[in-house]
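As structure tokens, the structure follows; a few thoughts come after it.
Computed from a predicted model, the values in this text were never measured in an experiment.
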Number of protein chains: 2
Amino acid sequence: MAATLKDVASKTGLSIATISKYVNGQTIKQENKEKIDAAIKELNFKINYIAKGLKSNKSMTIGVLIPELENVFATHIMSRVEDTLMNSGYSTIICDYKNDTDLERQKLSFLLNRQVDGIIAVPTHLSKDDLAGLEIPIVLIDRIIDGVNCDCVLVDNKDASFSAVEYLINKGHRDIAIISGPKDVYTARERTLGYIDALVQYSIPLNESYIFHGNYDTQSGYNLTMDIINMQKRPSAIYVTNNEMTIGSVIALNECGVDIPNDISFIGFDNIDFAKVTKPNLSIIVQPRDEIGVTAANLLIEKIHDPDTEKRVIKLKTSLIKQASVSIRK
Amino acid sequence: MAATLKDVASKTGLSIATISKYVNGQTIKQENKEKIDAAIKELNFKINYIAKGLKSNKSMTIGVLIPELENVFATHIMSRVEDTLMNSGYSTIICDYKNDTDLERQKLSFLLNRQVDGIIAVPTHLSKDDLAGLEIPIVLIDRIIDGVNCDCVLVDNKDASFSAVEYLINKGHRDIAIISGPKDVYTARERTLGYIDALVQYSIPLNESYIFHGNYDTQSGYNLTMDIINMQKRPSAIYVTNNEMTIGSVIALNECGVDIPNDISFIGFDNIDFAKVTKPNLSIIVQPRDEIGVTAANLLIEKIHDPDTEKRVIKLKTSLIKQASVSIRK
DNA sequence: TTTGTAAAGTTAAACGTTTAACTTTACAAT
DNA sequence: ATTGTAAAGTTAAACGTTTAACTTTACAAA
């Protein structure tokens with residue numbers, strides 16, 4: 001069907017090895033170059049990556065493991081990962097584990113059985129044991145796992161929360177609610193800690209009833225915000241710690257006619273497109289999603305080329321986009 | 001490094017062929033079965049798909065081409081595609097083309113060069129020529145391309161719009177706005193046609209100024225809804241034709257204090273999670289996303305196993321979820 | 001015991017590349 | 001004309017499987 005090196009060889013009268021060398025960039029007589037180019041074009045020859053992979057023991061394929069394909073934060077990063085890898089000749093096999101612990105392990109081993117040259121993962125419940133003794137490089141995103149030789153790209157979640165809450169404090173707020181994620185998720189714990197740190201640093205007493213734990217989806221953002229709205233002592237500001245919950249939260253506030261920022265100040269997370277759509281535009285913590293993706297891909301490629309590079313942990317900065325959703329507390 | 005059939009063979013004293021046969025399900029002496037199982041376990045043998053692929057000329061990999069990795073509709077479908085394919089032993093290479101015509105072609109040929117056994121695509125600007133004469137099966141989602149031997153899974157977009165608009169008409173509405181997608185996109189054209197059909201069928205004069213074309217993103221949903229709100233003759237109902245624009249539209253209405261359904265009736269599209277979060281819950285057209293994904297994957301697998309199956313076009317039904325966002329027009 | 005035959009196992013070639021080791025060619029220097 | 005040598009090209013083995021064709025084994029039937 002598809003033409004092989006052999007076909008090109010017989011068409012040109014040269015040997016297979018010569019064609020292979022030319023295709024792989026070695027020098028060759030000008031005259032033969034032309035002959036080969038012509039033959040390649042005529043036969044529509046394309047290198048067979050499977051055969052190449054067998055010989056070289058490289059599949060030129062990277063596995064990617066994410067919590068959910070509907071998770072916009074993850075897919076945005078993956079989009080950049082895919083681009084970056086493709087520019088280096090790699091394909092990307094994406095698996096999602098639907099936020100399921102068993103599936104997470106299962107899909108990881110699926111990838112490992114597929115001769116991928118490396119893996120980029122956004123893990124939730126993977127542990128040291130799952131990743132120990134692996135023969136290929138792995139880059140972790142969003143979560144660091146101790147005792148394992150995986151590079152890692154994350155943001156300073158604690159600092160992100162700190163800066164959001166500090167900003168609210170500087171605007172005069174004392175009663176600040178946080179809608180954080182699940183207690184057993186690394187990013188959620190860090191984001192809660194940053195919130196607490198800021199209060200402590202500014203000597204504001206911690207009110208446990210202002211700390212809410214959602215599960216990072218729109219519905220829980222909506223529900224918890226409803227709870228906040230109905231509190232006897234309603235906080236003067238809400239800080240919501242992910243993309244989906246930010247949407248749910250704004251919907252709830254809108255529906256109840258709670259005005260941002262006159263009735264309540266608001267800082268959201270991640271969803272920059274959404275933040276630009278609402279009036280007033282939302283103040284928001286944004287993660288450098290493009291940079292996360294590109295960095296992770298590059299770390300992986302480097303590690304593949306030189307497996308001896310030592311473990312690197314890259315902590316990127318988030319930024320706080322200040323818009324009109326935060327008012328000065330009288 | 002990784003153990004091969006050869007290693008298992010020498011460990012058991014059997015020939016490579018015997019191991020291969022056993023691994024592929026042929027019968028074998030009980031005694032040898034046990035020996036082989038033990039050796040496989042001890043050596044942690046895993047079949048090498050690259051070598052297997054070289055021999056069988058199958059990569060057991062499917063390419064997937066979608067407009068954008070951030071497109072929730074597409075990724076939801078892909079999530080089901082991935083599952084279904086994985087259950088049949090296939091990996092999924094996902095490429096997104098960022099809504100870019102050139103990239104769309106580029107990524108398609110990237111996939112074609114990768115020995116994928118088949119492709120599932122959600123095309124935007126691919127034409128007959130791009131798909132003609134391909135040697136592997138292709139399944140198209142959401143758009144049919146004439147004159148090309150590709151199976152196709154889509155929903156009845158015209159009928160979807162028709163039923164939404166008919167429902168509004170039956171509730172007494174005459175002035176119905178539609179926020180449709182880009183004029184050059186197949187689904188948008190169909191959805192607009194269904195809107196028009198319904199008006200025609202019920203002898204309601206068509207008001208061109210009620211037909212809006214966004215570009216399927218949140219911002220355009222927001223902007224066009226603002227335009228609608230500010231019309232001198234404001235319609236009594238809005239029908240929004242995709243996921244992202246539905247969010248933008250609701251945000252705009254909420255912000256302007258336009259009450260759903262008392263001030264305006266509303267029917268959205270696709271975003272069932274979002275529709276459940278708002279109060280009142282939104283009436284919404286939902287596409288059978290799971291079914292689309294599973295169907296596309298199954299069509300592809302069937303076509304791979306039997307390339308002679310004739311072209312099939314599967315048109316699935318959408319459904320209209322009726323919730324409190326539509327009121328009776330006095 | 002011999003024969004027939006089904007089941008189990010083996011041999012070796014093949015898939016499309018790469019690459020080490022080798023040969024041939026081309027041509028400058030003598 | 002001879003030699004030396006760098007460049008260009010070739011040969012053949014290898015990567016880890018599968019599989020057609022073959023051999024061996026086991027055992028029931030005669």
task: Go through C:dT10, D:dT10, D:dG16 for me and flag the one nearest to the B:N48 side chain.
output: D:dG16
- request: Looking at every strand, decide which applies to A:I50 at a 4.0 Å heavy-atom threshold: base, sugar-phosphate, or nothing.
  value: nothing
query: Would you say A:S20 reaches C:dT18's phosphate, i.e. side-chain N/O to OP1/OP2 under 4.0 Å?
result: yes
message: For a quick test of reading the model: is some side-chain N or O of A:S56 closer than 4.0 Å to OP1 or OP2 of C:dT18?
response: no
query: At under 4.0 Å, does any side-chain N or O of B:T4 touch on OP1 or OP2 of D:dC15?
result: no
message: Measure OH/B:Y22 against P/D:dT18 and give the value in whole Å, please.
response: 15 Å
- prompt: Rounded to whole angstrom units, what separation is found between the NZ atom of A:K55 and the C1' atom of D:dA13?
  reply: 7 Å
message: So for B:K29 and C:dA8, does any side-chain atom that can act as donor or acceptor lie under 3.5 Å from a complementary atom in the base?
response: no
message: Does a side-chain N or O of B:K52 approach OP1 or OP2 of D:dT18 to a distance below 4.0 Å, or not?
response: yes
message: I want to check one thing: is the phosphate of D:dA7, taken as OP1 and OP2, less than 4.0 Å away from some side-chain N or O of A:T27?
response: no
- prompt: Hey, does A:L54 reach any base, or is it just sugar-phosphate, or nothing, if we go heavy atoms under 4.0 Å?
  reply: base
- prompt: OP1 or OP2 of C:dT18 less than 4.0 angstrom from a side-chain nitrogen or oxygen of A:K21, does that happen here?
  reply: no
query: Base, sugar-phosphate alone, or nothing: which one does A:F45 contact when heavy atoms must sit under 4.0 Å apart?
result: sugar-phosphate
message: Need the pair for D:dT3. Rule: Watson-Crick or G-U wobble, both distances under 3.5 Å, any strand; none if unpaired.
response: C:dA28
- prompt: Which is it for A:Y216 and A:T187 under the side chain to side chain contact (heavy atoms under 4.5 Å, CB included) test, yes or no, and what are the steps along the way?
  reply: CA-CA 11 Å; A:Y216 277 160; A:T187 52; 3.0 Å; yes
field: Distance, rounded to the nearest Å, where B:I36 contributes CD1 and C:dT10 contributes P
entry: 9 Å
field: A:L14 CG to C:dT24 C1', straight-line distance once rounded to whole Å
entry: 14 Å
- prompt: Whole Å only: how far is the NZ atom of A:K6 from the P atom of C:dA14?
  reply: 8 Å
query: When you measure from the side chain of B:K107 to the backbone N and O of B:D96, does any donor-acceptor pair fall under 3.5 Å?
result: yes
query: Would you say a side-chain N or O of A:N24 is under 4.0 Å from OP1 or OP2 of C:dT18?
result: yes
field: Flag if over 12 foreign heavy atoms under 6.0 Å of NZ, A:K6
entry: no
field: 5' precedence on DNA chain C between B:I28 and A:A17 (nearest-nucleotide basis)
entry: B:I28
Rounded interatomic separation in angstrom, taking CG from A:N57 and C1' from C:dT19: 15 Å
message: Measure CD/B:Q26 against P/C:dT10 and give the value in whole Å, please.
response: 13 Å
task: Classify the side-chain pair B:H125/B:D130 by whether it contains a donor and acceptor separated by less than 3.5 Å.
output: no
- prompt: How long is the line joining OH of B:Y49 and P of D:dT18, in whole Å?
  reply: 10 Å
message: Let's test this: given Watson-Crick or G-U wobble pairing with both distances under 3.5 Å, identify the partner of D:dT10.
response: C:dA21
- line: Scanning both residues in full, the closest heavy-atom pair of B:Y49 with A:Q115 reads N-OE1, 3.1 Å
field: B:R289 to B:F73 six-membered ring, cation-pi geometry met (6.0 Å, 45°)
entry: no
